[in-house]
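Being a predicted model, the structure only gives us computed values, none of them experimental.
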Amino acid sequence: MLGTLSLDQLRVLVTIDETGSLSAAGRRLNRAQSAISQAVATLEATQGVVVFDRSGHRPVLTEMGRVLVAQARRVLSGAAQFEALAAAIREGVEPELAVAIDPLVPTGAFIESLHALEEQFPHLPVSFSTEGLGGAERRLRQGDASLALCVLLFGVPEDLIAVPVCDVVLVPVVSADHELARLNRAVTRADLAEHVQLILSDPSAPGGPHYGVLSPRRWRFVELGRRFDFLLGGLGWCRMPDYLVEAPLRDGRLVRLEIVDDDPDAPAPRRIFAATMRDRALGRAGSWLLNDLRTRFSTRAEKRGRALSEGS
């Protein structure tokens with residue numbers, strides 16, 4: 001009961017509108033026609049409105065009735081979602097799932113997993129945020145996310161549980177129109193020092209550690225996509241995830257740089273982890289998403305490995 005209103009009364013209204021008559025509504029709801037008529041009369045009396053025009057052979061919604069029936073459908077839908085969510089929580093599904101990812105995380109498999117999650121848990125509220133480098137781990141620690149896909153540069157901290165989901169290779173590239181590309185040879189640190197390097201940065205710790213940063217002239221970015229735009233625009237060089245630069249390398253928009261005296265740690269793949277707080281276990285939906293992500297990333301890595309092997 002909602003004050004002087006009940007969900008049952010709303011259900012009666014919607015059923016009359018859907019079936020076209022009081023008798024048909026009674027048959028669908030397994031009630032006598034008189035009970036249906038009484039439910040409508042009680043609603044109209046308590047709310048002070050006329051929902052149906054009864055002057056004809058069949059009840060017809062008044063103008064106000066059409067508005068109220070539309071609202072009744074929304075209320076009933078919300079109530080159904082409430083019941084479904086409550087039932088899911090009883091079965092171990094978390095009341096909501098918040099996910100954060102770092103910018104280097106490949107999004108293809110992640111998007112597929114989110115679609116699959118929605119099919120598996122249709123009533124689960126899911127929130128999502130993309131972060132600057134290191135931001136996903138920070139949101140996890142702050143309690144704003146229950147699952148983070150992130151790069152852990154110094155290994156897995158003791159207070160986290162983290163499983164690897166994929167590796168990302170960072171490729172040094174530059175626009176084909178850039179001066180570095182026109183050298184037509186391997187480049188040195190001295191060459192790179194004369195040009196801007198476009199780097200990803202953690203906005204909360206801009207002076208934090210950087211790997212593979214060789215140029216003293218640095219433009220900092222939080223968004224991978226915006227950095228990519230600047231790269232294609234010829235405004236600097238950078239190390240980009242291989243999965244993002246394959247196409248522009250093939251079509252000639254980008255050129256791969258060979259660095260003769262590169263940072264020895266720079267060529268190593270960056271490992272992406274799915275991390276949770278050790279003292280905050282995932283519920284059923286979060287655990288399902290984690291397993292699905294691992295499967296999809298693994299499948300994609302195997303396919304990509306076969307493609308590279310066949311192409312070599």
Side-chain angles (χ1 to χ4, degrees), residues 1-100 110-130 139 142-147 280-290 292:
M1 181 73 70
L2 307 172
T4 58
L5 188 66
S6 72
L7 291 177
D8 182 68
Q9 290 172 331
L10 301 183
R11 192 171 293 109
V12 168
L13 286 186
V14 170
T15 305
I16 295 172
D17 182 50
E18 290 177 348
T19 60
S21 71
L22 300 179
S23 58
R27 287 192 295 272
R28 177 182 288 186
L29 296 174
N30 197 27
R31 299 184 196 178
Q33 181 175 335
S34 58
I36 298 295
S37 298
Q38 184 60 48
V40 174
T42 300
L43 182 145
E44 291 180 324
T46 55
Q47 302 303 318
V49 295
V50 177
V51 180
F52 289 102
D53 179 355
R54 300 172 179 80
S55 60
H57 177 65
R58 291 174 178 270
V60 178
L61 286 171
T62 64
E63 183 177 350
M64 179 60 70
R66 286 193 294 272
V67 174
L68 292 177
V69 166
Q71 181 64 32
R73 284 193 170 91
R74 288 192 287 271
V75 172
L76 291 173
S77 176
Q81 291 179 12
F82 179 91
E83 290 179 330
L85 182 57
I89 293 172
R90 288 196 303 271
E91 296 172 0
V93 177
E94 50 268 68
E96 62 178 340
L97 180 62
V99 184
F110 183 69
I111 289 173
E112 291 175 0
S113 282
L114 287 180
H115 280 302
L117 177 72
E118 186 177 17
E119 293 180 3
Q120 190 74 17
F121 302 92
H123 302 289
L124 173 71
V126 178
S127 61
F128 167 75
S129 61
T130 57
R139 276 194 174 271
Q142 292 171 346
D144 298 327
S146 49
L147 177 64
R280 294 201 307 266
L282 289 173
R284 276 186 56 208
S287 298
W288 187 95
L289 176 62
L290 176 56
D292 191 73

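Taking a 6.0 Å sphere around CD of E63, one finds it holds 12 or fewer heavy atoms contributed by other residues, nucleotides or ligands.
Under the side-chain contact (heavy atoms from CB on, under 4.5 Å) criterion, A72 pairs with L10, V14, not counting sequence neighbours. Judged as a side-chain hydrogen bond (donor to acceptor under 3.5 Å, both in side chains), and not counting sequence neighbours, Q120 has no contacts. For S113, the side-chain hydrogen bond (donor to acceptor under 3.5 Å, both in side chains) test picks out D292, R296, with sequence neighbours left out. Legend: residues meeting side-chain hydrogen bond (donor to acceptor under 3.5 Å, both in side chains) with R73, ordered by chain and number and at least two apart, are D17. With sequence neighbours left out, R31 forms a salt bridge (Lys or Arg N to Asp or Glu O under 4.0 Å) with D8. Among residues two or more places apart in sequence or in another chain, the side-chain contact (heavy atoms from CB on, under 4.5 Å) test is passed with S287 by L282. Taking S127 as the reference, A98 meet the side-chain contact (heavy atoms from CB on, under 4.5 Å) condition, with sequence neighbours excluded. Every residue was checked against the salt bridge (Lys or Arg N to Asp or Glu O under 4.0 Å) condition with R11, not counting sequence neighbours, and none meets it. Annotation: side-chain hydrogen bond (donor to acceptor under 3.5 Å, both in side chains) contacts of S23 (sequence neighbours excluded): S21. Shown here are the side-chain contact (heavy atoms from CB on, under 4.5 Å) partners of V67, two or more places apart in sequence or in another chain: there are none.
Separation of atoms CZ (F128) and CG (L147) is listed at 11.0 Å; rounding is to 0.5 Å. The structure places CG of L124 at 10.5 Å from CZ of R284, a figure rounded to the nearest 0.5 Å. Put simply, CG on L68 and OG1 on T62 are 7.5 Å apart, with the number rounded to the nearest 0.5 Å. A distance of 7.5 Å separates CD in Q9 from CD in Q47, rounded to the nearest 0.5 Å.
The closest side-chain donor-acceptor pair between Q142 and R139, if any, does not fall under 3.5 angstrom. Counting only N and O atoms by type, the side chains of T42 and Q38 include a donor and acceptor under 3.5 Å apart.
Aromatic ring orientation, W288 versus F121: perpendicular (interplanar angle above 60°, classes split at 30° and 60°).
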Derivation of the side-chain contact (heavy atoms from CB on, under 4.5 Å) call for L97 and L117: CA-CA 11 Å; L97 180 62; L117 177 72; 4.0 Å; yes
Worked check of side-chain contact (heavy atoms from CB on, under 4.5 Å) between T15 and I36: CA-CA 10 Å; T15 305; I36 298 295; over 6 Å; no
